[in-house]
Amino acid sequence: MDGTVETGGETPVRRRVAYVLPVYNEQDNIAVFHEALVGATSARADLDFEFVYVDDGSRDASLERLVELRERDPRVTIVQFSRNYGHQVAVTAGLDLVAGTGAADAVVVMDTDLQDPPRVSLEMIERWEAGAEVVYAQRRTRKDTAFKRATAWGFYWVLDRLASIEIPRNVGDFRLMDARVVAEVARYREHDRFLRGIVAHVGFRQEALLFDRDERYAGESGYPLRKMIGFAASGILGFSTAPLKMISRLGFAISAFSLLLACYVLGVRLFMPEETVPGWAFLGVGMFMLSGIQLVMMGVIGSYLGRVYVEAQDRPLYTLAMVARDPASGRGAPAGEAPQASRGAGAVS
C-alpha cells in the first residue's frame with residue numbers, strides 16, 4: 001500500500017512512522033540492530049522513518065554508539081536520561097517526544113537486543129494501513145530459559161484472574177500504535193508504569209500479530225529477577241484491587257474458623273470435660289500463623305498506600321540530559337529547538 005495521504009488536490013503528504021527504542025547497556029547490540037532495522041524499513045521507501053533511541057542512563061558506551069549512528073543517519077534521534085529510570089519510563093519518554101510534536105502517524109515500540117525482529121514491524125505497519133490502531137506482537141515461541149517461561153506463564157495466569165481489564169498473554173511492549181492511541185497513552189502519568197496494561201485500558205481497535213521471538217544477540221537482560229517481580233507487582237496493583245478484596249475474604253474466613261473452633265472448645269468443655277487436653281502447642285502455632293497472615297495483609301495494603309504516596313508527590317517521571325534531533329523531525333516544533341515533552345518530563349538541554 002502506498003504510504004501517502006491525499007490532501008484535496010495538494011501534494012500528497014508522506015506518512016511518517018517513528019520507532020521508539022529504549023537502550024540500557026546495549027553497546028554490543030546497537031550497530032547490529034540498527035543495520036537490521038534500516039535493512040527492514042528500506043522495503044518501504046514510500047514511508048518516512050524516525051528512529052528515537054532513548055538512553056536510559058547506560059553505564060557502558062551505548063551513548064557513544066548512538067552518537068556514531070546519528071552522524072551516519074540523520075533519521076536517528078537520541079534522548080538521554082540524566083540517570084537510569086527504567087525501561088517503562090524510557091518508552092514513555094520516547095512516546096512523549098513523538099506525541100508532543102505530532103511527529104509521526106504511527107509509533108513502533110521495540111527493544112534493541114534483536115529479540116524483537118525488525119521485519120515483524122513491517123507486518124505491523126501493513127496491519128495499521130489496513131485499519132488497525134494497535135498491533136501488538138504476541139509471542140508464538142520464545143527462546144528463553146525454562147525458569148523465564150515458567151514465571152511468565154505464572155504472571156499472566158495471575159493477571160488474567162485479577163486484572164480489571166483484559167491484558168493479552170505473552171505480549172511485551174513490542175507493538176505499533178496509531179498517533180491517536182499514542183496521544184491517549186501520553187495522558188497516563190502514573191509512576192509505577194505497566195505500559196501493556198495502559199494500552200489495553202485505552203482501547204481502540206487492537207489486533208494480535210503472532211511471531212517467533214529470537215534470542216538476545218549480546219549482553220544481559222535488563223530485567224533480572226528482582227526487577228521482574230517489581231514489574232509484575234506494578235501490573236497487578238496498577239490494574240486490580242482484587243488483593244484488597246482477597247484480604248477481606250481471608251479475614252472473614254479466619255473469623256468463621258475461629259468461631260467454629262470456639263464452639264468446639266466450649267462443647268468439649270461442657271459435655272466431655274474428661275477429654276480436655278491443654279493445647280499450648282496448638283495456640284502457639286495458631287498465634288504465629290495469624291501474625292504472619294496479618295503481616296502479609298499489612299504488606300499488601302502498604303503496597304497500595306505506597307503507590308498513593310508516590311503519586312501524591314507528583315514528581316516528574318524523568319529528567320532529560322540531552323535531546324539530539326533533526327528539527328525537521330518535529331512537526332510544529334521551532335527549528336533548532338528540542339520539543340518539550342508533556343507533563344512529567346524534565347528539563348531539556
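- Rounded to the nearest 0.5 Å, atoms OG (Ser42) and CG (Leu122) are 8.5 Å apart.
- Closest approach of Ala61 and Gln27 over heavy atoms only: N-OE1, 3.0 Å.
- Met124 and Tyr136 get closest at one heavy-atom pair: CE-C, 4.4 Å.
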Stepwise, does the side-chain contact (heavy atoms from CB on, under 4.5 Å) test hold for Leu66 with Val76? CA-CA 8 Å; Leu66 293 176; Val76 170; 5.6 Å; no
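- Under the 4.5 Å side-chain criterion, counting only non-hydrogen atoms from C-beta, Glu26 is in contact with Asp113.
- The side-chain heavy atoms of Ser58 and Val23, taken from C-beta on, include a pair separated by under 4.5 Å.
- We find that Arg44 and Glu126 are not joined by a salt bridge, their nearest charged nitrogen and carboxylate oxygen being 4.0 Å or further apart.
- Considering all non-hydrogen atoms of both residues, Val134 and Gly203 come closest at CG2-O, 4.5 Å.
- Interatomic distance, Asp111 CG to Leu21 CG, rounded to the nearest 0.5 Å: 9.0 Å.
- Side-chain atoms of Phe51 and Leu37, non-hydrogen and from C-beta on, do get closer than 4.5 Å to each other.
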Under the side-chain contact (heavy atoms from CB on, under 4.5 Å) criterion, do Val79 and Tyr53 qualify, and how do the steps go? CA-CA 6 Å; Val79 177; Tyr53 288 91; over 6 Å; no
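- Expressed to the nearest 0.5 Å, how far CG of Leu317 lies from CG of Asp96 amounts to 7.5 Å.
- Across all their heavy atoms, Ala99 and Ala186 have their closest contact at CB-CB, 4.2 Å.
- Counting heavy atoms from C-beta outward, Asn29 and Leu114 have side chains that stay 4.5 Å or more apart.
- By the salt bridge (charged side-chain N to carboxylate O under 4.0 Å, His left out) test, Asp73 is found to be paired with Arg75, residues two or more places apart in sequence or in another chain being considered.
- In this structure Arg127 satisfies the salt bridge (charged side-chain N to carboxylate O under 4.0 Å, His left out) test together with Glu207, sequence neighbours excluded.
- No donor-acceptor pair closer than 3.5 Å links the side chain of Asp55 to the backbone N or O of Leu63.
- A distance of 8.0 Å separates CD of Gln88 from CZ of Arg193, quoted to the nearest 0.5 Å.
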Please test Asp56 against Asn84 for side-chain hydrogen bond (donor to acceptor under 3.5 Å, both in side chains), starting from the C-alpha separation and ending with a verdict. CA-CA 5 Å; Asp56 185 22; Asn84 176 252; 2.8 Å; yes
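- Ring geometry, Tyr19 versus Phe49: the interplanar angle falls from 30° to 60°, so the pair is classed tilted.
- For the ring-ring contact (aromatic ring centres under 6.0 Å, His included) condition, the pairs that include at least one residue of residues 168-188, sequence neighbours left out, are Phe174-Phe211, Tyr188-His201.
- Looking only at distances, no side-chain donor or acceptor of Arg180 sits under 3.5 Å from a matching main-chain atom of Met177.
- Screening residues 56-81 for ring-ring contact (aromatic ring centres under 6.0 Å, His included), with sequence neighbours left out, gives Phe81-Tyr85, Phe81-Tyr318.
- A distance of 11.0 Å separates CD in Gln80 from OG in Ser62, rounded to the nearest 0.5 Å.
- Screening Val182, Val181, Val52, Val54 against Leu95 for a side-chain contact (heavy atoms from CB on, under 4.5 Å) leaves a single residue, Val182.
- Checked for salt-bridge contact, Arg16 and Asp105 miss the test: no charged N lies under 4.0 Å from a carboxylate O.
- The two residues Pro22 and Val91 come nearest to each other via the heavy atoms CG-CG2, 3.8 Å.
- Asn25 places a side-chain N or O within 3.5 Å of a backbone atom of Arg59 that can act as its donor or acceptor partner.
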Starting from the C-alpha separation in whole Å, work towards a yes-or-no answer on side-chain contact (heavy atoms from CB on, under 4.5 Å) for Val135 and Arg175. CA-CA 6 Å; Val135 183; Arg175 67 187 66 231; over 6 Å; no
Derivation of the side-chain contact (heavy atoms from CB on, under 4.5 Å) call for Leu176 and Ile125: CA-CA 7 Å; Leu176 177 146; Ile125 292 174; 3.8 Å; yes
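- The shortest distance between side-chain heavy atoms of Val20 and Val108 does not fall below 4.5 Å.
- Contact check for Leu47 versus Glu129: side-chain heavy atoms found under the 4.5 Å cut-off.
- The salt bridge (charged side-chain N to carboxylate O under 4.0 Å, His left out) search around Asp178 returns none, not counting sequence neighbours.
- Salt-bridge check for Arg325 with Glu50: passed, with a basic side-chain N closer than 4.0 Å to an acidic carboxylate O.
- Within the 3.5 Å criterion, the main-chain N or O of Ile30 finds no donor-acceptor partner in the side chain of Arg65.
- Leu210 is not connected to Met110 by any chain of hydrophobic side-chain contacts under 4.5 Å among Ile, Leu, Val, Met, Phe, Trp and Tyr, and they are in different clusters.
- Other residues, nucleotides and ligands contribute over 12 non-hydrogen atoms within 6.0 Å of the CD atom of Glu64.
- Heavy atoms only, all atoms of each residue included: Ala130 and Arg205 are closest at O-NH1, 4.2 Å.
- Take Ala31 and apply the side chain to side chain contact (heavy atoms under 4.5 Å, CB included) test, not counting sequence neighbours, and it matches no residue.
- Arg15 forms a cation-pi arrangement with Trp128, by the criterion of a distance under 6.0 Å to the ring centre and an angle within 45° of the ring axis.
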